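Below is the structure I would like to discuss, written out as structure tokens.
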Amino acid sequence: CCHPTISYRPIRPSDLEILEQIHGDIFPISWIYRYESEFFQNVVHGRGIVAWAAVDHSRDDGKSDELIGFVTARVVLAKDSEIVDLLNYNSAESEWSLVYILTLGVIDSYRNLGIASSLILEVIKYASSIPTCQAVYLHVISYNIPAMHLYKKMSFKCIRRLPGFYLIDSKHYDAYLFVYFVKAC
Ligand code: ACO
């Protein structure tokens with residue numbers, strides 16, 4: 001029937017509770033241990049983390065500014081990153097940086113509407129605006145087919161398989177490393 005009016009904005013302190021709740025709903029419990037309350041505090045206060053929210057302005061349930069999707073990312077120095085070998089310059093002596101996507105999620109009822117794609121575009125736009133930024137990169141757990149399709153569609157390149165990268169409920173899972181270059185290197 002109705003097309004929602006989705007808009008995108010930076011995440012702010014008033015998003016704290018919902019942000020934490022949605023992470024809990026979307027990601028495996030033991031994975032969330034990696035993201036304790038300090039992580040969520042850092043996200044909403046922009047302490048070392050940049051983050052965008054998707055909200056549905058057309059909601060008439062009083063929640064037209066409530067998060068329905070999010071992406072969180074961190075700027076890291078290229079020379080300290082695990083993909084330094086992919087970057088074709090003398091990174092050890094440079095201030096080149098990368099944007100690392102930490103978490104991305106869209107609540108169930110809003111999936112397949114292009115919201116995650118738009119959130120990733122926000123990250124790419126941000127990375128492109130940093131003169132020293134070379135690429136955006138991230139890890140995906142090997143069974144997450146929707147996420148892998150999404151990143152491939154957004155022109156990320158899958159460049160590495162990392163055996164046993166994730167430990168969830170005492171079981172190891174492989175990860176794939178995806179990279180999107182914002183500057184030729
Ligand atoms: N099966 C296969 N491909 C899919 C699916 C699916 N269920 N859902 C999305 N895709 C792919 C498709 O290629 C799709 O393009 P298309 O519609 O042209 O075919 C593309 O993703 C874009 O889809 P969007 O509508 O932009 O994605 P959506 O807003 O639905 O969000 C997401 C996708 C984030 C993966 C969502 O399903 C989700 O929140 N999943 C749980 C959390 C998660 O897996 N997050 C990513 C983990 S990786 C990380 O955080 C770094």
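Fair warning: this is a prediction, and the values are worked out from it, not measured in the lab. Just so you know, ligand 1 is whichever comes first in the structure, and atom 1 is the first atom listed for that ligand. Below, each value reflects all heavy atoms present in this structure, side chains not excepted, and no hydrogens, waters or symmetry copies.
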Original post:
Less than 4.0 Å between a side-chain N and a carboxylate O, is that true for Asp65 and Arg59?
Top reply: no

**OP:** Return yes when Ile145 approaches ligand 1 closer than 4.0 angstrom through a heavy atom, no otherwise.
**Re:** no

Original post:
Between His149, Lys153, His23, His139, which one has a non-hydrogen atom sitting closest to atom 16 (P) of ligand 1?
Top reply: Lys153

Subject >> ligand 1 to Phe27 polar contact by distance, N or O atoms, under 3.5 Å >> reply: no

Original post:
So is Ile26 polar-close to ligand 1, meaning N/O to N/O under 3.5 Å?
Top reply: no

Original post:
Near Thr103, which atoms of ligand 1 are under 4.0 Å from a heavy atom of that residue?
Top reply: 50 (O)

Original post:
Do you know the tightest heavy-atom contact between Val182 and Ala127?
Top reply: CG1-CB, 4.1 Å

Subject >> Any residue meeting ring-ring contact (aromatic ring centres under 6.0 Å, His included) with Phe70, in chain and number order, not counting sequence neighbours >> reply: His23

Original post:
Which of the atoms of ligand 1 are close to Tyr151, meaning less than 4.0 Å from one of its heavy atoms?
Top reply: 48 (S), 49 (C), 51 (C)

Original post:
Among Asn112, Leu113, Val140, whose heavy atom sits nearest atom 9 (C) of ligand 1?
Top reply: Asn112

**OP:** Pick, from Ala147, Gly69, Gly105, Ser118, the option with the minimum heavy-atom distance to atom 35 (C) of ligand 1.
**Re:** Ala147

Subject >> Ligand-side contact atoms (ligand 1) for residue partner Leu150, heavy atom cut-off under 4.0 Å >> reply: 11 (C), 20 (C), 21 (O), 22 (C), 26 (O)

Subject >> With sequence neighbours excluded, residues passing ring-ring contact (aromatic ring centres under 6.0 Å, His included) with Tyr173 >> reply: Tyr143

**OP:** Select the closest option to atom 28 (P) of ligand 1 among Gly114, Ala175, Ala54, Ala116, judged by heavy-atom distance.
**Re:** Ala116

Original post:
Ion pair present between Asp174 and Arg160, side-chain N to carboxylate O less than 4.0 angstrom?
Top reply: no

Original post:
When you check the gap from the basic side-chain N to the acidic O, do Lys63 and Asp61 get nearer than 4.0 Å?
Top reply: no

